[in-house]
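First the structure, in the form of C-alpha coordinates, and then the observations on it.
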Amino acid sequence: MQNGVTRWRDEHGFQRSDMRIGFVHRYALHEEPGDGVLGTSMFVQENLERGHTRVVSGLEYLDRWGQGSLSYYMPVTAWRPGRHGYEERALEGVELGYGMDLTSTISFSAGAGRWQSRDGAGAWVDQGRLDIGWQPHPWFELRGGWDGIGTGDDSMAVHASVTVPLGGGDWSGLRWEGLGRRDPSTRESSGGTIWRSADHVGEITVAERETQAAGDDTDEETATTKMITKSASYGVDPNGE
(Lines give C-alpha, C1' and ligand atoms only; values in the text may rest on other atoms or scores of the structure.)
Protein backbone atom coordinates (compact mmCIF):
# COMPACT_ATOMS: atom_id res chain seq x y z
CA MET A 1 0.00 0.00 0.00
CA GLN A 2 1.35 3.43 -0.96
CA ASN A 3 0.05 6.89 -0.11
CA GLY A 4 1.19 10.48 -0.20
CA VAL A 5 0.40 14.12 -1.05
CA THR A 6 1.65 16.16 -4.01
CA ARG A 7 1.66 19.93 -3.31
CA TRP A 8 2.13 22.30 -6.25
CA ARG A 9 1.03 25.63 -7.75
CA ASP A 10 -0.93 25.85 -11.00
CA GLU A 11 -0.38 28.34 -13.82
CA HIS A 12 -2.59 30.89 -12.04
CA GLY A 13 -0.58 30.71 -8.81
CA PHE A 14 -3.13 28.76 -6.73
CA GLN A 15 -1.84 26.18 -4.25
CA ARG A 16 -3.04 22.61 -4.86
CA SER A 17 -2.69 19.51 -2.71
CA ASP A 18 -3.43 16.16 -4.37
CA MET A 19 -3.74 13.30 -1.88
CA ARG A 20 -3.40 9.70 -3.07
CA ILE A 21 -3.79 6.23 -1.62
CA GLY A 22 -3.58 2.94 -3.46
CA PHE A 23 -2.08 -0.49 -3.94
CA VAL A 24 0.85 -1.73 -6.02
CA HIS A 25 1.53 -5.39 -6.78
CA ARG A 26 4.84 -6.40 -8.39
CA TYR A 27 6.72 -9.66 -8.79
CA ALA A 28 10.07 -10.64 -10.29
CA LEU A 29 9.89 -12.75 -13.45
CA HIS A 30 13.35 -14.21 -12.84
CA GLU A 31 15.57 -14.82 -9.85
CA GLU A 32 18.51 -12.82 -11.20
CA PRO A 33 18.46 -9.11 -10.22
CA GLY A 34 17.34 -6.79 -13.00
CA ASP A 35 15.97 -9.52 -15.29
CA GLY A 36 12.43 -8.18 -15.20
CA VAL A 37 9.68 -7.08 -12.83
CA LEU A 38 5.98 -6.95 -13.77
CA GLY A 39 3.56 -4.80 -11.83
CA THR A 40 0.01 -3.48 -11.58
CA SER A 41 -1.35 -0.57 -9.56
CA MET A 42 -4.54 1.28 -8.69
CA PHE A 43 -4.81 4.61 -6.86
CA VAL A 44 -7.53 7.00 -5.76
CA GLN A 45 -6.59 10.68 -5.83
CA GLU A 46 -8.42 13.65 -4.32
CA ASN A 47 -7.63 17.36 -4.54
CA LEU A 48 -8.06 18.87 -1.08
CA GLU A 49 -8.81 22.42 -2.28
CA ARG A 50 -11.30 21.82 -5.11
CA GLY A 51 -12.58 18.31 -4.37
CA HIS A 52 -11.61 16.65 -7.67
CA THR A 53 -11.37 12.85 -7.45
CA ARG A 54 -9.97 10.40 -10.00
CA VAL A 55 -8.93 6.75 -10.19
CA VAL A 56 -5.53 5.94 -11.71
CA SER A 57 -4.76 2.38 -12.82
CA GLY A 58 -1.57 1.16 -14.43
CA LEU A 59 0.50 -1.69 -15.84
CA GLU A 60 4.31 -1.62 -15.84
CA TYR A 61 7.32 -3.67 -16.79
CA LEU A 62 10.77 -2.91 -15.38
CA ASP A 63 14.19 -4.37 -16.14
CA ARG A 64 17.82 -3.26 -16.39
CA TRP A 65 17.09 -1.40 -19.65
CA GLY A 66 14.27 0.75 -18.37
CA GLN A 67 10.60 0.89 -17.47
CA GLY A 68 7.55 0.73 -19.73
CA SER A 69 4.10 1.64 -18.47
CA LEU A 70 0.48 2.04 -19.51
CA SER A 71 -1.70 4.28 -17.31
CA TYR A 72 -5.38 5.21 -17.40
CA TYR A 73 -6.74 8.29 -15.60
CA MET A 74 -10.51 8.29 -14.92
CA PRO A 75 -12.27 11.22 -13.16
CA VAL A 76 -15.19 10.37 -10.89
CA THR A 77 -16.35 13.91 -10.02
CA ALA A 78 -18.23 16.39 -12.21
CA TRP A 79 -17.53 20.09 -12.87
CA ARG A 80 -16.60 22.03 -9.73
CA PRO A 81 -16.08 25.74 -8.99
CA GLY A 82 -12.58 26.96 -9.86
CA ARG A 83 -11.06 30.42 -9.97
CA HIS A 84 -13.44 33.38 -10.20
CA GLY A 85 -15.69 33.06 -13.24
CA TYR A 86 -14.58 29.53 -14.14
CA GLU A 87 -15.29 25.92 -13.31
CA GLU A 88 -13.01 22.90 -13.74
CA ARG A 89 -13.02 19.12 -13.96
CA ALA A 90 -10.30 16.45 -13.74
CA LEU A 91 -9.19 15.22 -17.17
CA GLU A 92 -9.64 11.69 -18.49
CA GLY A 93 -6.73 10.23 -20.41
CA VAL A 94 -4.51 7.28 -21.24
CA GLU A 95 -0.72 7.37 -21.59
CA LEU A 96 2.01 5.00 -22.75
CA GLY A 97 5.36 5.83 -21.14
CA TYR A 98 8.98 4.74 -21.16
CA GLY A 99 11.83 5.67 -18.85
CA MET A 100 15.47 4.72 -18.43
CA ASP A 101 18.43 5.51 -16.16
CA LEU A 102 21.34 7.15 -18.01
CA THR A 103 23.48 6.95 -14.86
CA SER A 104 22.71 5.96 -11.29
CA THR A 105 21.39 9.53 -10.63
CA ILE A 106 20.29 10.84 -14.07
CA SER A 107 17.10 9.53 -15.69
CA PHE A 108 15.16 10.15 -18.90
CA SER A 109 11.50 9.52 -19.65
CA ALA A 110 9.04 10.08 -22.49
CA GLY A 111 5.35 9.55 -22.94
CA ALA A 112 2.60 9.73 -25.54
CA GLY A 113 -1.10 9.65 -24.85
CA ARG A 114 -4.62 10.71 -25.65
CA TRP A 115 -6.32 13.19 -23.31
CA GLN A 116 -9.46 15.26 -23.11
CA SER A 117 -8.80 18.86 -24.14
CA ARG A 118 -8.20 21.47 -21.46
CA ASP A 119 -10.80 23.88 -22.86
CA GLY A 120 -13.70 21.80 -21.54
CA ALA A 121 -15.16 21.09 -24.99
CA GLY A 122 -14.90 17.32 -24.49
CA ALA A 123 -12.69 16.77 -27.54
CA TRP A 124 -9.75 14.37 -27.40
CA VAL A 125 -6.21 15.38 -28.33
CA ASP A 126 -2.96 13.47 -28.84
CA GLN A 127 0.05 14.81 -26.99
CA GLY A 128 3.52 13.82 -25.80
CA ARG A 129 6.05 14.73 -23.14
CA LEU A 130 9.79 14.57 -22.47
CA ASP A 131 11.46 14.67 -19.04
CA ILE A 132 14.98 14.49 -17.66
CA GLY A 133 15.69 14.18 -13.95
CA TRP A 134 18.69 14.39 -11.65
CA GLN A 135 18.49 12.70 -8.24
CA PRO A 136 21.82 13.17 -6.44
CA HIS A 137 20.26 12.04 -3.15
CA PRO A 138 17.46 9.50 -2.53
CA TRP A 139 15.36 12.27 -0.95
CA PHE A 140 15.93 15.06 -3.48
CA GLU A 141 15.27 15.34 -7.24
CA LEU A 142 15.53 18.13 -9.82
CA ARG A 143 13.48 17.55 -12.98
CA GLY A 144 12.91 19.47 -16.21
CA GLY A 145 10.25 18.68 -18.77
CA TRP A 146 8.51 19.63 -22.00
CA ASP A 147 4.78 18.87 -21.79
CA GLY A 148 1.90 19.11 -24.26
CA ILE A 149 4.03 18.28 -27.31
CA GLY A 150 1.91 18.26 -30.45
CA THR A 151 -0.68 20.70 -29.13
CA GLY A 152 -0.92 24.48 -29.32
CA ASP A 153 -0.56 24.76 -25.55
CA ASP A 154 2.80 23.10 -24.87
CA SER A 155 4.95 24.25 -21.96
CA MET A 156 8.36 23.76 -20.38
CA ALA A 157 9.01 23.67 -16.63
CA VAL A 158 11.59 22.81 -13.98
CA HIS A 159 10.56 21.15 -10.72
CA ALA A 160 12.41 20.39 -7.49
CA SER A 161 10.97 17.73 -5.20
CA VAL A 162 11.75 16.36 -1.75
CA THR A 163 10.54 12.83 -0.97
CA VAL A 164 11.20 11.56 2.55
CA PRO A 165 9.91 8.03 3.32
CA LEU A 166 8.10 7.66 6.62
CA GLY A 167 8.80 4.61 8.72
CA GLY A 168 11.75 2.48 9.72
CA GLY A 169 14.83 1.52 7.77
CA ASP A 170 18.58 1.93 7.77
CA TRP A 171 19.45 5.49 6.69
CA SER A 172 23.18 5.16 7.32
CA GLY A 173 23.93 4.56 3.64
CA LEU A 174 22.21 7.72 2.36
CA ARG A 175 24.63 10.18 0.75
CA TRP A 176 25.01 12.63 -2.13
CA GLU A 177 26.20 10.98 -5.34
CA GLY A 178 26.56 13.91 -7.79
CA LEU A 179 26.18 12.85 -11.43
CA GLY A 180 26.23 9.20 -10.42
CA ARG A 181 27.96 6.14 -11.80
CA ARG A 182 27.93 5.18 -15.46
CA ASP A 183 26.38 1.79 -14.82
CA PRO A 184 22.72 2.55 -13.91
CA SER A 185 22.05 -1.11 -13.10
CA THR A 186 23.87 -0.54 -9.80
CA ARG A 187 21.14 1.87 -8.76
CA GLU A 188 18.71 -0.80 -7.65
CA SER A 189 18.45 -4.53 -7.39
CA SER A 190 15.26 -6.29 -8.42
CA GLY A 191 14.27 -6.31 -4.76
CA GLY A 192 14.57 -2.52 -4.64
CA THR A 193 12.59 -2.21 -7.88
CA ILE A 194 9.71 -4.21 -6.46
CA TRP A 195 9.34 -1.76 -3.57
CA ARG A 196 9.85 1.41 -5.65
CA SER A 197 7.22 4.14 -5.21
CA ALA A 198 4.79 4.52 -8.12
CA ASP A 199 5.73 7.65 -10.09
CA HIS A 200 2.79 7.93 -12.52
CA VAL A 201 0.44 9.41 -9.90
CA GLY A 202 1.24 13.09 -9.43
CA GLU A 203 -0.64 16.29 -10.19
CA ILE A 204 -4.34 16.13 -11.08
CA THR A 205 -4.66 17.92 -14.43
CA VAL A 206 -7.96 19.71 -15.08
CA ALA A 207 -10.02 21.22 -17.90
CA GLU A 208 -11.36 24.73 -17.37
CA ARG A 209 -14.32 26.62 -18.84
CA GLU A 210 -16.19 29.84 -18.09
CA THR A 211 -19.20 29.57 -15.82
CA GLN A 212 -22.56 30.85 -17.03
CA ALA A 213 -23.69 33.99 -15.22
CA ALA A 214 -26.84 33.70 -13.10
CA GLY A 215 -29.96 34.69 -15.01
CA ASP A 216 -28.48 34.01 -18.45
CA ASP A 217 -30.84 32.09 -20.75
CA THR A 218 -29.72 28.98 -22.55
CA ASP A 219 -30.23 28.75 -26.31
CA GLU A 220 -33.24 26.48 -25.81
CA GLU A 221 -34.89 28.85 -23.32
CA THR A 222 -34.28 31.86 -25.59
CA ALA A 223 -35.81 30.06 -28.60
CA THR A 224 -38.90 29.07 -26.56
CA THR A 225 -39.41 32.66 -25.37
CA LYS A 226 -39.22 33.98 -28.94
CA MET A 227 -41.87 31.45 -30.11
CA ILE A 228 -44.26 32.45 -27.30
CA THR A 229 -43.81 36.14 -28.11
CA LYS A 230 -44.41 35.53 -31.83
CA SER A 231 -47.58 33.49 -31.14
CA ALA A 232 -48.97 36.20 -28.88
CA SER A 233 -48.58 38.79 -31.63
CA TYR A 234 -51.24 37.03 -33.75
CA GLY A 235 -54.17 37.61 -31.33
CA VAL A 236 -57.60 38.97 -32.40
CA ASP A 237 -57.85 42.77 -32.13
CA PRO A 238 -61.00 44.55 -30.72
CA ASN A 239 -62.27 45.50 -34.22
CA GLY A 240 -62.62 41.86 -35.23
CA GLU A 241 -59.95 42.02 -37.89
Side-chain angles (χ1 to χ4, degrees), residues 2 4-20 41 43 45 47 49 54 56 58 60-73 88 90-91 93-118 125-165 174-188 192-193 196-208:
Q2 297 182 7
V5 177
T6 299
R7 291 179 58 85
W8 56 289
R9 289 188 179 274
D10 62 18
E11 62 269 26
H12 306 293
F14 293 104
Q15 178 73 57
R16 294 178 182 259
S17 304
D18 298 330
M19 181 179 66
R20 63 186 179 274
S41 62
F43 284 83
Q45 273 187 290
N47 176 259
E49 290 84 7
R54 72 178 184 182
V56 184
E60 59 184 1
Y61 174 78
L62 308 91
D63 61 17
R64 66 184 67 193
W65 303 109
Q67 173 182 355
S69 63
L70 177 64
S71 305
Y72 175 55
Y73 303 83
E88 57 187 42
L91 289 178
V94 60
E95 183 183 73
L96 182 66
Y98 175 76
M100 63 179 299
D101 295 331
L102 303 178
T103 73
S104 58
T105 62
I106 300 176
S107 61
F108 168 81
S109 66
R114 188 168 178 81
W115 292 82
Q116 288 180 324
S117 60
R118 291 175 177 264
V125 295
D126 299 323
Q127 66 180 51
R129 62 170 177 81
L130 294 173
D131 295 277
I132 186 166
W134 176 46
Q135 190 173 5
H137 189 277
W139 294 357
F140 174 77
E141 183 178 20
L142 188 65
R143 181 171 292 276
W146 181 16
D147 198 10
I149 301 174
T151 69
D153 193 25
D154 60 327
S155 62
M156 302 184 71
V158 176
H159 302 274
S161 61
V162 176
T163 305
V164 181
L174 299 179
R175 63 182 183 275
W176 291 86
E177 298 185 16
L179 297 178
R181 297 180 294 276
R182 292 185 179 181
D183 183 9
S185 64
T186 61
R187 186 173 186 176
E188 281 183 321
T193 300
R196 178 189 295 181
S197 297
D199 57 4
H200 66 289
V201 187
E203 305 167 358
I204 298 179
T205 54
V206 298
E208 187 180 58

State the CZ-OG distance between Arg143 and Ser161, to the nearest 0.5 angstrom.
8.0 Å
Quick check for you: to the nearest 0.5 Å, what is the distance between Thr205 atom OG1 and Asp10 atom CG?
12.0 Å
Under 4.5 Å between any side-chain heavy atoms of Gln135 and Ser107, yes or no?
no
Evaluate the side-chain proximity of Arg196 to Leu62: yes if any heavy-atom separation is below 4.5 Å, no if none is.
yes
Drop me the distance from Ile204's CD1 to Thr6's OG1, to the nearest 0.5 angstrom.
9.0 Å
Residue pair Glu60 / Gln67, side-chain donor-acceptor N/O under 3.5 Å:
yes
Just one of Trp134, Phe140, Trp139 clears the ring-ring contact (aromatic ring centres under 6.0 Å, His included) bar with His137, so which one?
Trp139
Aromatic plane relationship, Tyr73 with His200 - under 30° parallel, 30 to 60° tilted, over 60° perpendicular:
perpendicular
Is there a side-chain contact between Thr103 and Leu179 (heavy atoms, below 4.5 Å)?
no
Rounded to the nearest 0.5 Å, how far does CD1 of Ile106 lie from CD of Glu177?
11.5 Å
Nearest heavy atoms of Ser117 and Ala207, plus distance in Å
O-CB, 3.6 Å
Would you indicate whether the side-chain heavy atoms of Val125 and Arg118 approach each other to under 4.5 Å?
no
Can you confirm whether His159 sits close enough to Glu203 that some side-chain heavy atom of one is under 4.5 Å from a side-chain heavy atom of the other?
yes
Could you report the tightest heavy-atom contact between Val201 and Phe43, atom names first, then the distance?
CG2-CD1, 3.7 Å
Keeping the roles fixed (side chain from Ser104, backbone from Arg181), state whether a donor-acceptor pair exists under 3.5 Å.
yes
Audit row: Asp18, Arg16, salt bridge (charged side-chain N to carboxylate O under 4.0 Å, His left out) steps and yes/no
CA-CA 6 Å; Asp18 298 330; Arg16 294 178 182 259; over 6 Å; no
Is any side-chain heavy atom of Glu95 closer than 4.5 Å to a side-chain heavy atom of Ser69?
no
Can you give me the closest heavy-atom contact between Arg129 and Ser109, atom names plus distance?
NH1-OG, 3.5 Å
Would you say the side chain of Gln127 lies within less than 4.5 Å of the side chain of Asp154, judging by non-hydrogen atoms?
no
Got a second to check how far Asn47's CG is from Glu88's CD, nearest 0.5 Å?
7.5 Å
Distance-only, no hydrogens or angles: does the Glu49 side chain make a donor-acceptor pair with backbone N or O of Ser17 under 3.5 Å?
yes
Taking every non-hydrogen atom, the tightest pair across Thr105 and Gly180
OG1-N, 3.2 Å
